Amino acid sequence: MSKAFQATNAVVTGASSGIGRSIAVALAHAGVERLVVHYRVNRSGAMDTADAVRELGCEPVVLEADLSSPEGPQRLASDAFDALGIVHTWVNNAGADVLTGAASSMDFESKLRHLLDVDLTGTILLSRMVADRLLSQLEKRKTTDPPSMVFIGWDQAMEGMEGDAGQMFGPVKSAVMAFANSLAQSIAPSVRVNTIAPGWIRTAWGEETSDYWNERAKGQSLMKRWGCADDIARAVIYVADPENTFLTAQTIPLNGGFDRRF
Ligand SMILES: NC(=O)c1ccc[n+]([C@@H]2O[C@H](COP(=O)([O-])OP(=O)(O)OC[C@H]3O[C@@H](n4cnc5c(N)ncnc54)[C@H](OP(=O)(O)O)[C@@H]3O)[C@@H](O)[C@H]2O)c1
């Protein structure tokens with residue numbers, strides 16, 4: 001396998017489970033040398049991810065930060081660049097889980113405000129600080145290789161989906177994707193910015209969901225299966241590939257092809 005990411009450093013936010021862990025492992029597999037594994041509360045999950053990337057020859061740096069706290073985004077940006085020096089790939093994957101655990105019993109307004117705090121405000125504030133640092137590292141090092149940032153959206157955010165989930169994740173993830181597009185316009189050609197918009201991916205929520213959602217997730221994909229975290233990780237590797245220097249400002253839905261047949 002080509003090691004396109006050899007001698008590069010990467011950061012994956014929300015890498016203590018699910019999609020973030022798969023992205024971290026895929027980056028390590030692709031040759032990333034040093035990788036920040038970020039988490040909020042799931043330290044043992046972050047350590048498992050760190051062990052998995054270490055086994056692939058990549059040196060992990062485990063960092064904690066709550067993106068909804070006033071100091072979280074600033075601290076993560078500083079700590080990550082202090083630890084790695086130069087960053088080549090930054091993946092904004094962290095997102096609040098309001099579908100499982102204690103948060104699933106919150107009312108609609110509390111879930112919405114939490115998603116806005118973490119997925120939107122936290123991600124935007126963090127990304128602006130990261131973008132500044134990526135630009136200044138290029139100036140200092142006088143290199144022209146564009147580093148890359150990757151965001152995670154949602155395939156149905158713009159089209160809309162019925163119910164509470166559609167009404168909270170739709171506006172939040174649409175805004176994340178809109179921000180990513182504006183950031184891409186702001187920092188090109190120095191930094192590439194792309195978004196992967198997953199469909200139904202079987203992570204914690206999918207493991208314990210109802211028969212209805214299980215059937216719906218499979219039925220709405222032309223490939224007639226749930227997506228898995230590795231499907232998303234492969235797409236992140238593609239857009240972040242340092243050799244993919246013509247790829248920026250794109251949003252790629254990854255859902256097995258949304259089934260629109262009657
Ligand atoms: N699964 C799907 O079907 C699907 C579809 C579309 C988009 N997405 C998006 O894909 C991303 C990953 O989802 P997933 O399914 O892999 O979920 P997950 O397993 O719950 O992972 C979420 C990650 O985000 C971190 N996180 C949560 N709240 C945080 C906070 N306040 N500050 C910092 N980090 C925080 C978690 O860290 P701790 O656990 O350590 O707190 C965890 O590492 C999310 O942005 C999600 O919205 C998922």
Side-chain angles (χ1 to χ4, degrees), residues 3-17 19-40 42-43 45-67 69 71-94 122-152 180 183-184 187 190-194 196 233 236-245 248:
K3 293 251 172 187
F5 291 82
Q6 221 147 30
T8 69
N9 299 325
V11 177
V12 182
T13 71
S16 51
S17 59
I19 294 171
R21 173 178 294 161
S22 280
I23 295 170
V25 170
L27 284 166
H29 197 252
V32 164
E33 208 162 78
R34 302 182 70 217
L35 184 140
V36 166
V37 174
H38 157 260
Y39 74 104
R40 183 192 54 126
N42 183 3
R43 183 165 175 81
M47 297 314 282
D48 288 347
T49 305
D51 289 345
V53 306
R54 195 180 292 107
E55 270 179 29
L56 292 164
C58 171
E59 184 187 332
V61 178
V62 177
L63 295 178
E64 173 277 330
D66 182 349
L67 294 189
S69 73
E71 83 296 345
Q74 162 81 56
R75 187 158 52 76
L76 178 56
S78 304
D79 290 353
F81 277 82
D82 286 352
L84 298 180
I86 294 286
V87 174
H88 304 82
T89 305
W90 185 288
V91 184
N92 280 313
N93 163 78
T123 299
I124 290 178
L125 295 179
L126 173 64
S127 300
R128 285 168 55 85
M129 294 171 203
V130 170
D132 285 348
R133 284 170 169 79
L134 291 176
L135 292 172
S136 70
Q137 81 181 17
L138 286 172
E139 277 164 26
K140 276 187 219 141
R141 292 274 166 147
K142 299 201 182 338
T143 164
T144 52
D145 294 345
S148 129
M149 296 177 75
V150 183
F151 289 74
I152 302 294
L183 186 66
I187 59 181
S190 301
V191 181
R192 298 188 301 112
V193 180
N194 293 288
I196 303 299
V236 170
I237 292 294
Y238 172 69
V239 296
D241 186 326
E243 291 178 356
N244 244 338
T245 53
T248 194

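Bear in mind the structure is a predicted one, so any value in this text is a computation, not a measurement. Keep in mind that the numbers below use all heavy atoms, side chains included, and drop hydrogens, waters and symmetry copies.
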### Query
So, do Val239 and Asn244 sit near enough that their side-chain heavy atoms are less than 4.5 Å apart?
no
### Message
Taking CZ in Arg128 as the centre, count heavy atoms belonging to other residues, nucleotides or ligands within less than 6.0 Å. Is the count above 12?
### Response
no
### 4.5 Å side-chain heavy-atom contact, Thr49 and Tyr39
no
### Query
How about Arg21 and Asp48: do any of their side-chain heavy atoms sit closer than 4.5 Å?
yes
### Message
Could you check whether any side-chain N or O of His88 sits under 3.5 Å from a backbone N or O of Phe5, counting only pairs where one atom can act as donor and the other as acceptor?
### Response
no
### Query
Heavy atoms, side chains only, cut-off 4.5 Å: are Trp90 and Leu126 in contact?
yes
### Message
With a 4.5 Å cut-off on side-chain heavy atoms, are Val62 and Arg43 touching?
### Response
yes
### Nearest heavy-atom neighbours spanning Arg54 and Pro60
NH2-CG, 3.5 Å
### Task
Go through the steps for Ser17 and Asn42 under the test side-chain hydrogen bond (donor to acceptor under 3.5 Å, both in side chains), then give the verdict.
CA-CA 8 Å; Ser17 59; Asn42 183 3; 4.8 Å; no
### Message
If I take atom CZ from residue Phe81 and atom CG from residue Asp132, how far apart are they, to the nearest 0.5 angstrom?
### Response
9.5 Å
### Task
Kindly give the heavy-atom pair with the smallest separation between Asn194 and Arg192, and that separation in Å.
ND2-NH1, 3.7 Å
## Note on the structure
Nearest heavy-atom approach of Asp66 to Pro73 is O-CD, 4.3 Å
### Query
Does any N or O in the side chain of Ser148 come within less than 3.5 Å of the main-chain N or O of Val193, such that one atom is a donor and the other an acceptor?
no
### Distance-only side-chain donor-acceptor flag, Arg40 / Ser16, under 3.5 Å
no
#### Entry: Inter-residue atom distance Leu84.CG - Glu33.CD, 0.5 Å rounding
10.5 Å
### Message
If I take atom CE from residue Met129 and atom CZ from residue Arg75, how far apart are they, to the nearest 0.5 angstrom?
### Response
12.0 Å
### Task
Search all heavy atoms of Val87 against all heavy atoms of Pro147 and return the closest pair with its distance.
O-CB, 3.8 Å
#### Entry: Interatomic distance, Asn93 atom CG to Thr123 atom OG1 [nearest 0.5 angstrom]
9.5 Å
### Message
Taking Leu35's backbone N and O only, do any of them form a donor-acceptor pair with Asn9's side chain (distance below 3.5 Å, no angle check)?
### Response
no
### Message
Testing the basics here: between Ala4 and Pro242, what is the closest heavy-atom pair and its distance to 0.1 Å?
### Response
O-CG, 3.6 Å
### Leu27 side chain reached by Ile23 side chain, heavy atoms, under 4.5 Å
yes
### Task
For the residue pair Met149 and Leu134, establish whether any side-chain heavy-atom pair is separated by less than 4.5 Å.
yes
## Note on the structure
To the nearest 0.5 Å, atom CD1 of Ile237 lies from atom OG1 of Thr89 at 8.0 Å
### Query
Under 3.5 Å, is there a donor-acceptor pair between the side chain of Thr13 and the main chain of Ala94?
yes
### Task
List the atom of Gly20, the atom of Val12, and the distance in Å for their closest heavy-atom pair.
O-CG1, 3.6 Å
